[in-house]
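Not measured: the values here are computed from a predicted model. Values below: every heavy atom of this structure, side chains too, minus hydrogens, waters and symmetry copies.
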Amino acid sequence: MSGFLFVAMGGAVGSALRYGAGLAMSRFFPAMETAGTLFVNIAGSGALGLMMAWFLSLENPRTLLFLFLTTGLMGGFTTFSTFSREAVHMFTEGSAIRAFAYIGLSVAGSLGAFFVCLMAGRRLFA
């Protein structure tokens, strides 16, 4: 049960950081509405990469700290970081075809689901 609590706490912090980053980026780049998302996706992927490298270097990684930082904090900050970790893991394991399929399905599926649900929602709530 404590794992859930650590994930929830990390998620709350990550979500607040994402919100703050979005506000800051909209002030610096007012004409670019996606600047906040672009920033958190790239920054979150880099941060998760560093965290994963650090945890892999430890002899006795702390499970609750791992959950707080990776699943919680980075998951709340951006889910793109987890997507990136999984895709790179597939490449490093020698599964390039699987990685490309995962990337293609993730991007096309997410965009497709968003578009279909947006259009359906517009009709439903019109």
Side-chain angles (χ1 to χ4, degrees):
M1 186 63 174
S2 62
F4 285 99
L5 181 60
F6 276 77
V7 169
M9 290 186 310
V13 173
S15 295
L17 289 172
R18 179 177 59 213
Y19 178 70
L23 290 176
M25 295 304 287
S26 67
R27 288 186 182 178
F28 288 113
F29 303 100
M32 187 178 170
E33 65 186 54
T34 60
T37 301
L38 181 63
F39 172 78
V40 297
N41 283 342
I42 293 170
S45 293
L48 184 63
L50 288 173
M51 288 176 194
M52 293 303 295
W54 180 60
F55 277 105
L56 290 172
S57 73
L58 299 175
E59 286 185 32
N60 294 316
R62 303 289 186 322
T63 302
L64 293 178
L65 181 60
F66 177 83
L67 289 173
F68 176 84
L69 291 174
T70 62
T71 306
L73 183 70
M74 289 295 98
F77 189 63
T78 174
T79 58
F80 195 79
S81 57
T82 301
F83 166 78
S84 299
R85 178 184 55 83
E86 292 168 347
V88 168
H89 178 72
M90 289 177 202
F91 279 116
T92 60
E93 293 292 311
S95 301
I97 293 172
R98 187 171 157 229
F100 281 119
Y102 177 65
I103 292 166
L105 288 171
S106 295
V107 173
S110 295
L111 291 173
F114 178 83
F115 180 76
V116 167
C117 291
L118 177 67
M119 294 298 113
R122 283 184 176 173
R123 286 182 177 232
L124 180 66
F125 300 118

Which donor-acceptor pairs under 3.5 Å do the side chains of residues 96-115 make with protein atoms, sequence neighbours left out?
from : atom 1 : to   : atom 2 : distance (Å)
Y102 : OH     : E86  : OE1    : 2.2
S106 : OG     : Y102 : O      : 2.7
S110 : OG     : S106 : O      : 2.7

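Pairs engaging residues 17-30 under the side chain to side chain donor-acceptor pair (under 3.5 Å) rule: none recorded [sequence neighbours left out]. Among residues at least two apart or in separate chains, there is no side chain to side chain donor-acceptor pair (under 3.5 Å) pair with a member in residues 49-76.
Between the side chain of T92 and the main chain of H89, a donor-acceptor pair closer than 3.5 Å is present.
Here the straight-line distance linking atom CE of M25 with atom CG of L38 works out to 7.5 Å at 0.5 Å rounding. We find the CZ-CE distance between R85 and M51 to be 12.0 Å, quoted to the nearest 0.5 Å.
Under a hydrophobic clustering in which Ile, Leu, Val, Met, Phe, Trp and Tyr are joined whenever their side-chain heavy atoms come within less than 4.5 Å, directly or via other members, I42 and F28 fall into the same cluster. Both L69 and L5 sit in one connected hydrophobic cluster of ILVMFWY residues. Membership requires side-chain heavy atoms under 4.5 Å apart, directly or through other members.
Between F55 and L65, the closest side-chain pair of non-hydrogen atoms falls below 4.5 Å. A heavy-atom distance below 4.5 Å is found between the side chains of S2 and L64. In this structure, S45 and F80 have side chains that are in contact, with non-hydrogen atoms separated by less than 4.5 Å.
Looking at residues two or more places apart in sequence or on another chain, you find a side chain to side chain contact (heavy atoms under 4.5 Å, CB included) between R122 and L118, M119.
Under a 4.5 Å side-chain heavy-atom cut-off, the cluster of Ile, Leu, Val, Met, Phe, Trp and Tyr residues that includes L50 has no other member. L124 forms part of a hydrophobic cluster together with F125, judged by ILVMFWY side-chain heavy-atom separations under 4.5 Å.
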